[in-house]
Amino acid sequence: MNVWVSRLKGFARLHLDVPVTALLYALVGVATTLLFPTQGLLPAPLWPPSALALVLFIWRSGRGLPGVWLGACWVTFQLGGMPGPAAMLVGTMAALGPWIGARLLRQLQRAPLRLSRQRDVWPFLWCGTALPSLIAAVGGTAALSLSGGDDALSLATHFLRWWLSDAGGILLFAPLALLVLEAYERPGFWGQWRFLERMILTCCTLGVAAMLFWVVHGDGGQLAVLSFLLMLPMIWTVARFPLWQSHLLSTLVALVALVGTVHGGGVFYIDSIRQALLCTGTLVMVQSVALLVVGSLVAEREESELFLRDANQHLEDKVRARTRELSESEARFKLVADAAPFPMVMNQLSDGQVVYANPRAEALFHYQLLPGAPLYVQAFYADETERDQISGILRNQGTILDREVELIDGYGRRFWAWLSCTVIKSNGVLCVLTGINDISERKRLESSLKAANDALRQQVSEIEELQHGLREQAVRDPLTGLFNRRYLDSSLSNTLSHLLAQQRSVGLIMLDVDHFKQINDNHGHLTGDMVLATLGQYLRAHFRSDDIVCRYGGEEFVVVLPGASMEVSYAKAERLRQGVAELVIPSANGMLAVTLSLGVACAPQHGTDTKRLLDAADAALYAAKSHGRNRVYRASIDRLVPGEVALRRSAQV
C-alpha cells in the first residue's frame with residue numbers, strides 16, 4: 001500500500017511540476033518582453049528566462065526539463081512571432097543549453113555549487129554561462145536562417161547578439177538566485193542586513209544609475225566613461241555585505257540601465273538604440289563577471305579568516321585544557337611516584353640534570369634534591385662508557401628494560417642495580433624516567449654461587465681426569481703403552497662386524513719376539529722389559545692411527561689392520577720384521593738385537609669372528625716359529641705354507 005501511495009505522489013508531483021515550471025518560464029518571458037520590446041526574430045538585450053532555467057536545473061538536479069521546454073516554445077511562438085518549426089527549434093535549444101550546463105556542473109563539482117568559492121566560479125562561467133548561451137545562440141541563428149535570413153555577416157551579428165542576450169541574463173540573475181539560495185540555507189539569513197548602511201548605499205547607487213541612464217543623454221558617447229563609476233559601490237558592497245546582496249544591487253543597477261537604454265536614454269546612446277543596448281549588455285556582463293570573481297575571492301578570504309579564528313580559538317581552548325590536564329597529571333605523577341615501592345628518578349635527556357627523585361631514591365643514593373643545588377645523573381655511574389651507551393640507546397630507541405649497571409652513591413659505595421628507563425616529555429622537555437632496583441645482595445649471592453660452581457667444576461674435572469686415567473689403565477698395557485687384550489677382544493669384534501657389513505676386509509698380524517726367554521735369562525728381566533717397551537714404541541710409530549696395536553700377552557703382540565687385504569697385511573708384516581731386525585737395543589751386557597716371528601690372517605678368508613681369525617693368525621705364527629723363526633707366515637684355509645711360496649702361487653694363479 002505504501003509503495004502505491006509513494007508512486008501516486010511521485011506521479012502527481014511530476015505532472016504538477018511540468019505546468020508550474022512552464023508557467024514560471026512563461027511569466028518571466030512575458031515580463032522580459034514587456035520590459036524590452038523587440039521586433040521579429042531579434043533577441044532582447046537581456047534574457048532572464050535562461051538564468052531561471054539554469055537555476056532550476058542546478059537547484060533541482062536536472063528536473064523540470066519538459067516544463068522549461070514547453071515554456072520556451074510558447075514564449076518564442078506567441079511573443080517572438082516565430083513560425084512553429086522555428087519556435088520549436090529555438091525552444092528546444094533554449095531548454096537544452098541550461099540543462100547540459102547544469103549537468104556538466106554536477107559532474108565537475110563533487111560538492112554542491114557555491115559561487116562564494118573561487119574554484120566554483122570558473123566552471124560556472126564556462127559551463128553555466130558560456131556553453132548554454134552558445135547553444136541558445138546556435139538555435140536562434142538556425143531559426144533565422146530557416147526563416148530566410150540575411151547573409152553570413154548578418155547571421156554572425158545575430159549570433160553574437162543572441163549569445164550576449166542569454167549570457168547577460170544568466171550572469172545578471174543566476175548568481176543572485178544561487179547566492180540567495182545558498183545564504184538562505186545558513187542560519188541568521190534575515191539578520192545579515194545592515195539596514196541603514198545598505199539603504200543609503202543602495203539608494204545612492206540606484207540614483208546615480210538612473211541619472212546616467214535616464215536623465216543624461218549620450219551626446220555622442222562622450223559621457224560613457226561615467227558608467228564605470230558604478231563599479232565603486234559594487235566593490236564596496238562586495239567588501240562590506242554578503243555576496244548575494246552585492247549581486248542584488250548589481251541586478252537592480254543593470255535593470256535601470258537596460259530600461260533607460262531601451263527608452264532612448266543613457267550615456268551609451270550615440271546614434272541608435274541597437275548600439276546603446278550592445279554597450280549596455282557588455283557593461284552588465286563585465287560587471288557580473290567582475291562581481292563573481294572578486295566576490296568569490298573576498299568570500300574565500302572571509303571564510304579563511306573565520307576558519308582561522310575558530311581554529312585559533314579551538315587551539316587556545318585545547319592548550320588551556322591541556323595545560324590543566326598536565327598540571328593535574330604532574331600532581332598525580334608526583335603522588336604515585338612518591339608512594340612507589342622502588343626508587344624513581346627523572347632527569348633531562350639533554351644534560352642529565354635531575355628534576356625529580358622520590359624519597360626511596362634519595363635514601364638509596366644518600367642525596368637530597370634541593371633548589372639551587374642541581375644534581376646530574378652522570379655523577380652516579382661507576383663506568384663512563386656504560387653511561388654513554390645508555391644515553392645513546394635512549395636517544396635512538398627511547399626505552400631500556402632491566403639493564404644491569406654499577407652505580408655509586410653519595411658516600412662512594414659501589415653497588416649493582418637494574419635500570420629500566422623510558423623517554424617522556426614533561427613541560428615540552430624530553431626527560432628520562434628511570435626505575436632502579438638494587439641487586440647488590442643478589443650479586444653477592446651470585447658471586448658466592450659462582451665461586452662454589454668453579455670449585456665444583458674443578459672437582460668434576462679432576463674426577464673426569466681420574467676416570468679417564470682409570471679407563472686408560474683398564475685398556476692399556478702399562479709397560480708398552482699399547483692396548484691390552486681386553487681392549488682387543490671388544491674392539492676387534494666391533495671392527496669385524498662393521499667392515500664385513502661394508503664388504504671390506506680386515507687384516508690381522510700376530511707377532512712374537514724370538515728367544516725372549518733367553519733374553520730374560522741372559523740379560524735380566526729389566527732388559528726384557530726394555531725390549532718390550534722399545535718394540536711397543538716402534539709399533540706405535542709405524543702403524544696408522546686407525547690400526548689397533550695391542551700387547552696380546554707376554555712377548556706376543558697383535559696388530560689389527562682395518563680395510564687391509566691379505567697382500568697388504570703380509571707386506572706390512574714383512575716390513576715390520578725387517579725394521580725390528582735392524583733395531584739395536586742397549587742392555588747391561590752391550591747392544592742387543594732381536595728378531596720377530598709373524599703370522600698373518602685376513603677376514604673374511606680365514607674367519608668372520610674374533611676367535612677364528614685369532615686362531616688362524618696364531619697357527620701362522622706357530623708355523624713361522626717352527627720353520628726357523630724371523631719370518632712371516634700367512635694363514636691358509638687347508639694348510640700353512642711359507643709366505644714366499646704362497647706369494648708365488650698367487651702370482652701364478
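We count residues from 1, following the sequence as given.
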Kindly say whether [Y] contributes a backbone atom to a donor-acceptor pair with the side chain of [X] at under 3.5 angstrom?
X: His606; Y: Ala617; value: no
X: Asp310; Y: Phe307; value: no
X: Thr399; Y: Cys421; value: yes
X: Asn453; Y: Leu449; value: yes
X: Arg631; Y: Arg629; value: yes
X: Arg504; Y: His498; value: no
X: Asp618; Y: Leu614; value: no
X: Ser420; Y: Asp402; value: yes
X: Asp477; Y: Phe483; value: no

How would you list all residue pairs meeting salt bridge (Lys or Arg N to Asp or Glu O under 4.0 Å) that involve residues 375-394, not counting sequence neighbours? Glu386-Arg403
List for me each residue that meets side-chain contact (heavy atoms from CB on, under 4.5 Å) alongside Ser497, sequence neighbours excluded, and say none if there are none. none
Taking only residues two or more places apart in sequence, or in another chain, which ones meet Arg485 in a side-chain hydrogen bond (donor to acceptor under 3.5 Å, both in side chains)? Tyr552
Can you list everything that forms a side-chain hydrogen bond (donor to acceptor under 3.5 Å, both in side chains) with Arg414? Sequence neighbours excluded, please. none
So ring-ring contact (aromatic ring centres under 6.0 Å, His included) across residues 398-436, not counting sequence neighbours, yields Phe365-Phe415, His366-Tyr411
Using a strict threshold of under 4.0 Å (side-chain N to carboxylate O), is an ion pair present between Asp454 and Arg457? yes
Does the side chain to side chain donor-acceptor pair (under 3.5 Å) test come out yes or no for Asn358 and Glu362, once each step is laid out? CA-CA 7 Å; Asn358 68 351; Glu362 293 179 346; over 6 Å; no
Can I get a per-line list of side-chain donor-acceptor pairs under 3.5 Å for residues 523-537, giving both atom names and the distance, sequence neighbours left out?
| residue | atom | partner | partner atom | Å |
| --- | --- | --- | --- | --- |
| His523 | ND1 | Asn589 | ND2 | 3.3 |
| Thr527 | OG1 | His523 | O | 3.0 |
| Thr534 | OG1 | Met530 | O | 2.8 |

Taking every non-hydrogen atom, the tightest pair across Leu598 and Leu576: CD2-CD2, 3.8 Å
Are a donor atom and an acceptor atom from the side chains of Glu574 and Gln578 found within less than 3.5 Å of each other? yes
